[in-house]
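Here's the structure we're looking at; comments come further down.
Heavy-atom basis, side chains included; hydrogens, waters and symmetry copies ignored.
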Amino acid sequence: MSTENLTRAEAAARSAAVTVRGYRVELDVSDAPDPDRPGFATTTTVEFDATTDRTWLDFLGPAVEAVTVNGREVPVEYDGARIALGSLAASNVVTVRATGAYSRSGEGLHRFLDPADGQTYLYTQYEPADARRVFACFEQPDLKAPFTFVVTAPRGWEVLSNRPAEAVAAEGERQTVTFSPTLPLSTYITAVAAGPYHRVESSWRRDDLVVPLGVLCRASLAKYLDADTILEVTTQGLDFFAEHFDYPYPWGKYDQVFVPEYNLGAMENPGLVTFTEEYVFRGAATAAQYEGRANTILHEMAHMWFGDLVTMTWWDDLWLKESFADYMGALANAEATRWRDAWVAFANRRKAWAYSQDQLPTTHPIVADIPDLEAAKLNFDGITYAKGASVLKQLVAWVGRDEFFAGSRRYFRKHAFGNTTLADLLTELSAESGRDLEQWARAWLQMSGMSTISLEDGAIMQTDPRPHRLAVGLYDFDTAGDLVRRDRVELDLVGERTPVALAPAPLILLNDGDLTYAKIRLDANSLATVEGSLDRVTDPLARGLLWSALWNAVRDGVLDPSRYLAMARRFAPAESNMALLTAVLANASFTIAHYLPGAARDRWRGDWLESCWAALHSAAPGSGAQLAWARATATAATVDGRHATEIRDILLERAPAPDGLALDPDLRWSLWRALAATGAADAADLDAELARDDTSSGRTARLEALAARPDARVKAEAWSSALEDTALSNDHLDAVIDGFRAGARRDLLAPYDGEYFANLRTVWARRSIEIARRIVLGLFPTTESLAPVDDWLAANEDAPGALRRLVIEQRDHLARDLRVRRIEWPETE
């Protein structure tokens with residue numbers, strides 16, 4: 001195994017032998033604006049105790065120039081991933097002088113040149129193990145220590161880290177910023193950002209605590225930054241967590257910076273949270289987008305306690321932070337902000353991610369078996385986040401909300417600035433609730449899979465039995481014709497069959513209120529009611545659960561996809577909850593592409609585009625629904641060109657756009673991409689659009705649209721670029737891959753099926769795991785046969801486990817597509 005891939009056993013042995021006392025990290029990025037300078041100077045001084053005379057520091061960079069151990073320079077022993085340290089004493093001071101490389105993949109220290117104004121921006125992203133791309137360190141979460149960062153950067157730049165600046169010394173065109181020492185941190189949540197960022201300031205106060213707040217973005221995006229809205233959610237969240245956790249915010253300041261070409265939604269670096277720029281809306285945005293951003297802000301804020309203050313010992317217990325943050329983000333959003341329906345999006349969108357992941361052959365328990373860093377990288381999935389959060393919601397129902405928060409407060413106080421495992425948390429929750437949670441933990445945290453719950457012959461049945469605290473809602477029509485809940489029954493499910501006495505009702509909704517994590521099936525009578533009257537269900541959470549049940553039934557091959565699409569056409573135009581509307585539109589498009597056989601797929605492509613086109617023109621002018629339908633129209637028009645002329649005329653201002661629709665840059669590019677994919681736009685059209693929007697987003701969108709054109713030479717160039725052009729940034733690689741696949745033209749893509757499998761291992765060996773993952777997933781061929789995948793898996797049993805996992809998961813998605821596609825459904829009227 002490569003020494004770059006640290007194993008759990010190695011980390012445990014090093015942790016037993018090493019106690020880190022502190023770091024001083026000096027970075028010189030003053031030459032970052034020069035694109036010809038690929039790297040930066042990095043010097044680490046680390047103080048640690050050792051019970052061994054030999055260990056190593058982790059570092060991934062072009063060169064290590066010098067290593068000093070306890071005042072004595074020693075020969076450099078560096079294999080490209082580890083710096084060997086020998087002749088250690090009981091207490092040691094080690095200094096490493098090295099050169100790091102600026103990143104274009106979003107891993108380590110990412111450098112971005114803004115085409116809008118020529119300015120350079122830097123930011124770091126480390127999770128799970130990329131701090132070693134920036135400074136030499138003990139790269140594992142349980143070796144916490146205080147950090148002092150010293151950053152030399154161009155004068156006039158904003159320079160930020162986890163803590164406030166302690167001193168700034170300017171000399172000529174450079175400045176050196178020394179930050180005050182942090183409290184003990186894991187390496188992966190340290191952070192640095194530097195550049196001419198636009199900054200908006202505020203503060204939050206509670207009792208005697210004053211926390212400075214900052215919201216930052218690139219200067220060219222400043223006009224789009226709605227800092228007041230972001231700060232409103234921030235202060236609401238800090239109030240909520242201060243009250244419920246009863247542990248003062250410990251990190252001094254709270255900066256939130258929106259950065260370009262980001263691999264994640266956000267990252268919880270204490271005092272310097274980083275977010276994707278997609279949350280800086282360049283045009284109109286739906287309520288679902290604002291709600292989603294608020295949820296992410298609160299998710300990251302919850303990490304200040306769950307993950308930053310108390311951190312998992314190793315990546316097996318990643319859920320100890322991510323599941324909690326996902327749950328707490330939704331809870332705080334629903335109870336502390338204007339987004340009172342936040343649980344609707346959670347039930348319909350986040351849990352859909354978990355349900356999908358949990359049905360793959362590579363599913364795993366929430367408490368996972370993570371043998372090494374490559375496995376850790378792939379464990380940031382729907383199980384760790386959304387299933388874990390769903391299970392925590394069930395735990396709250398099981399032990400009681402007051403007891404849950406009391407146990408959490410005990411957990412913070414006992415383990416502050418330390419590392420924990422599952423047992424540490426259960427001890428505190430059990431102490432407060434009076435319940436022995438070992439059996440509960442075995443069923444929910446240490447076993448994979450999920451239950452499917454149905455109502456049959458006077459009993460609630462569940463597959464894969466687990467203990468559930470469940471509610472059943474009985475819905476009936478009121479005098480206005482609306483479907484409203486007339487009764488609700490709460491009960492505990494334990495085994496496969498639980499008898500229940502329920503009065504007859506037009507609609508019986510299992511898991512009413514979404515208390516537990518399980519797929520639900522609608523009985524025949526309830527399905528008939530939903531099929532005729534889903535739009536009459538007034539409670540948005542109930543509608544969300546019904547849409548979720550329908551979607552899972554389609555995916556599982558128990559509901560005809562055409563029936564689902566008919567319901568989407570009928571009820572989506574009346575859907576008032578933007579999170580639900582967005583999800584239904586996406587699921588309808590996915591259903592057409594994946595779950596219908598050829599003839600039905602072609603017919604539904606046209607029918608769905610007509611539905612989107614009609615809804616776009618009938619939606620309320622300027623509404624979120626109108627925007628959602630416009631985006632759905634762009635997606636549908638990518639595979640059906642019947643409205644290409646009208647779309648082109650609107651973009652060229654030869655015809656008016658639908659009344660009230662704001663043709664912002666991102667929407668315009670979506671429409672141009674659709675035209676390009678159907679052959680109705682050429683390179684000259686896309687160049688003209690770039691002249692209107694010569695920004696980083698515009699250049700990325702143009703790259704995607706160019707690759708979308710239905711031409712064999714274009715596809716060949718895109719394929720070659722994706723596999724071979726190592727200068728492509730992470731975002732540009734995605735654009736090329738997405739463009740390559742746009743239009744779903746199997747006639748143009750099929751020639752590359754064999755090349756895909758032939759290149760897999762080379763890609764994995766030569767590219768970083770982040771870039772390799774994008775290629776493996778993005779270029780996976782959507783064949784009509786599993787044979788090529790099976791042949792590769794059989795011939796590559798010795799391939800890295802993380803690579804095999806990705807291919808196995810893609811195989812399972814394809815197998816599901818083919819299985820559902822080949823079902824012969826009875827004809828319906």
Side-chain angles (χ1 to χ4, degrees), residues 199-217 224-258 265-276 278-281 285-309 321-322 324-347 349-350 389 392-393 396 401-402 404-405 408-409 412 540-541 577-579 624:
R199 181 183 184 92
V200 178
E201 295 183 342
S202 186
S203 64
W204 174 78
R205 299 172 182 269
R206 188 176 181 90
D207 300 326
D208 295 329
L209 181 64
V210 179
V211 176
L213 307 177
V215 178
L216 301 96
C217 70
Y224 304 115
L225 182 67
D226 54 333
D228 289 346
T229 307
I230 294 165
L231 288 167
E232 177 186 44
V233 173
T234 302
T235 56
Q236 289 167 334
L238 287 168
D239 284 337
F240 181 87
F241 292 126
E243 177 183 347
H244 286 78
F245 292 162
D246 194 29
Y247 192 105
Y249 175 78
W251 306 112
K253 69 178 179 74
Y254 201 81
D255 284 331
Q256 298 173 99
V257 55
F258 295 82
M267 181 63 201
E268 69 267 17
N269 315 304
L272 183 57
V273 184
T274 40
F275 294 85
T276 174
E278 291 179 9
Y279 286 128
V280 180
F281 307 127
T286 66
Q289 288 176 275
Y290 284 104
E291 178 188 317
R293 183 178 68 181
N295 193 84
T296 301
I297 290 171
L298 297 168
H299 174 116
E300 304 309 325
M301 190 179 293
H303 274 312
M304 300 299 119
W305 292 267
F306 282 110
D308 295 355
L309 179 65
K321 70 185 188 77
E322 294 303 347
F324 276 86
D326 226 39
Y327 171 72
M328 289 295 175
L331 181 69
N333 214 13
E335 297 187 4
T337 76
R338 73 182 76 171
W339 307 111
R340 301 302 185 190
D341 287 336
W343 285 118
V344 178
F346 179 86
R349 188 169 54 201
R350 296 296 284 181
L392 287 177
K393 190 175 184 182
V396 173
R401 176 175 169 133
D402 291 344
F404 174 81
F405 276 104
S408 298
R409 290 190 284 269
F412 296 141
L541 181 55
N577 182 283
M578 285 298 101

With side chains defined as the heavy atoms from C-beta onward, is the minimum distance between [X] and [Y] less than 4.5 Å?
X	Y	value
His244	Arg401	yes
Met578	Glu291	no
Phe258	Val215	yes
Asp326	His299	yes
Asp246	Phe405	no
Met328	Leu392	no
Gln236	Leu298	no

Under 3.5 Å side-chain donor-acceptor pair for Tyr290 and Thr229: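 No, no side-chain donor-acceptor contact under 3.5 Å.
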Pair Arg206-Tyr249, side chain to side chain contact (heavy atoms under 4.5 Å, CB included): steps then yes or no: CA-CA 10 Å; Arg206 188 176 181 90; Tyr249 175 78; over 6 Å; no
What is the distance from atom [atom1] of [X] to atom [atom2] of [Y], rounded to the nearest 0.5 Å?
X	Y	atom1	atom2	result
Phe346	Asp341	CZ	CG	15.0 Å
Asp308	Trp251	CG	CH2	6.0 Å
Thr296	Phe275	OG1	CZ	7.0 Å

With Asn295 via side-chain contact (heavy atoms from CB on, under 4.5 Å) - residues at least two apart: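 So Asn295 forms a side-chain contact (heavy atoms from CB on, under 4.5 Å) with Ala330, Asn333.
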Main-chain N/O of Val211 paired with Arg205 side-chain donor or acceptor, under 3.5 Å: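 Judged by distance alone, no pair lies under 3.5 Å.
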All ring pair (Phe, Tyr, Trp, His ring centres under 6.0 Å) counterparts of Phe245, not counting sequence neighbours: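 For Phe245, the residues satisfying ring pair (Phe, Tyr, Trp, His ring centres under 6.0 Å) (neighbours in sequence not counted) are Phe241, Trp305, Phe306, Phe412.
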